[in-house]
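Keep in mind that what you see is a predicted model, and the values were worked out from it rather than measured.
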Amino acid sequence: DAVFVPSHTRYALQFVAWLALGALLGWVTMQLLYRGLLFASAIAFGAVLACIAQAILLRGIVTDDAAFGAVCVLLGALCGLLSLLLPETMLVLSTAFCGAAVAFGGMSAMLGRDVIPLPTALDDTGAANWLAMNACFVIVLGIIGAAAQTSMMVKIGARTDARSGSASERQPLLVNGNDEP
């Protein structure tokens, strides 16, 4: 026999069930989205590293576009896999260095300069030196960005740790958490 449930109770149960299901699916989606976007940003970081390596280290070694593409894919895959092991570190590095590359690319575009380290441009010594200087500038900007992000994360972490302790631990100059010294 069927159990009769009043309509207002049934609607309340349906609402709670749909709310719980929506929260669960939202959490799963955010976890997958975060990990997927982190993986993609780490791949972009690998491509930026390949451009830097091409401009500074691999001038005479990687001489054609296919080999340069292989270096980009290899470093991108390596950084993507590292993002699975070290997500916070790769998030800081990828945002800092990709942001530095985009910022420097924008500044160079405004100045009318070419910043793309294609292997064919490395035949000319002046172009190779220009690209190496660009890569060094991106490295400096990336290090500054990573240091700024790390210092902010440390400050936020210290604030979070301070909030989790007792009142006397958070404010050691106060006696028993009171405002009296």
Side-chain angles (χ1 to χ4, degrees), residues 5 7-58 62 64-109 115-119 134-166 169-170:
V5 177
S7 62
H8 64 285
T9 305
R10 186 178 76 221
Y11 291 137
L13 289 174
Q14 286 177 346
F15 177 74
V16 169
W18 282 111
L19 189 64
L21 181 63
L24 177 66
L25 289 177
W27 180 81
V28 169
T29 302
M30 288 306 298
Q31 292 298 315
L32 294 175
L33 189 62
Y34 172 76
R35 293 179 199 280
L37 291 175
L38 178 62
F39 191 80
S41 69
I43 289 172
F45 173 57
V48 168
L49 286 180
C51 292
I52 291 171
Q54 174 67 18
I56 296 175
L57 304 172
L58 303 176
V62 178
D64 63 343
D65 291 338
F68 178 63
V71 170
C72 284
V73 168
L74 181 68
L75 283 175
L78 179 66
C79 288
L81 291 175
L82 276 175
S83 74
L84 300 175
L85 299 173
L86 306 166
E88 292 86 8
T89 303
M90 290 307 292
L91 180 65
V92 168
L93 290 176
S94 64
T95 55
F97 280 89
C98 291
V102 169
F104 185 72
M107 289 187 298
S108 296
V115 294
I116 301 172
L118 296 176
N134 289 352
C136 289
F137 193 70
V138 168
I139 289 170
V140 168
L141 282 178
I143 290 171
I144 291 170
Q149 288 182 52
T150 303
S151 69
M152 290 303 295
M153 289 173 69
V154 167
K155 286 180 184 178
I156 290 171
R159 265 193 243 142
T160 304
D161 291 342
R163 288 184 189 144
S164 63
S166 67
E169 290 172 346
R170 287 191 310 252

Inset, instruction - For L81, enumerate each residue passing the side chain to side chain contact (heavy atoms under 4.5 Å, CB included) test, keeping only those at least two apart in sequence or located in another chain. - result: L84
Legend entry - Pairs where residues 75-103 contributes a residue and the test ring pair (Phe, Tyr, Trp, His ring centres under 6.0 Å) is met, not counting sequence neighbours: F45-F97
Inset, instruction - To the nearest 0.5 angstrom, please state how far the OG1 atom of T95 sits from the CE atom of M90. - result: 10.0 Å
Legend entry - M107 side chain near L141 side chain, heavy-atom distance below 4.5 Å: yes
Inset, instruction - Applying side chain to side chain contact (heavy atoms under 4.5 Å, CB included), name anything that partners A53, two or more places apart in sequence or on another chain. - result: L58
Legend entry - Nearest-0.5 Å distance, CG of residue L93 to OG1 of residue T150: 7.5 Å
Cut-off 3.5 Å, no hydrogens considered: what does the side-chain donor-acceptor table look like for residues 68-79, sequence neighbours left out?
none

Inset, instruction - Measure across V48 and A101 and return the closest heavy-atom pair with its distance rounded to 0.1 Å. - result: CG2-CB, 4.0 Å
Inset, instruction - Tell me, please, which residues at least two apart from S94 pass side chain to side chain donor-acceptor pair (under 3.5 Å). - result: S41
Inset, instruction - Applying ring pair (Phe, Tyr, Trp, His ring centres under 6.0 Å), name anything that partners F137, two or more places apart in sequence or on another chain. - result: F104
Legend entry - Contacts of A96 that satisfy side chain to side chain contact (heavy atoms under 4.5 Å, CB included) - sequence neighbours left out: A146, Q149
Legend entry - Listed once per pair and sorted, the side-chain hydrogen bond (donor to acceptor under 3.5 Å, both in side chains) pairs that draw on residues 73-92, sequence neighbours left out: none
Pair up each side-chain donor or acceptor in residues 27-38 with any protein partner under 3.5 Å, not counting sequence neighbours, and list the distances.
from: T29; atom 1: OG1; to: L25; atom 2: O; distance (Å): 2.7

Inset, instruction - Name all residues meeting the side chain to side chain contact (heavy atoms under 4.5 Å, CB included) criterion together with A135; count only those two or more places apart in sequence or in a different chain, and write none if there are none. - result: I52, A55, I56
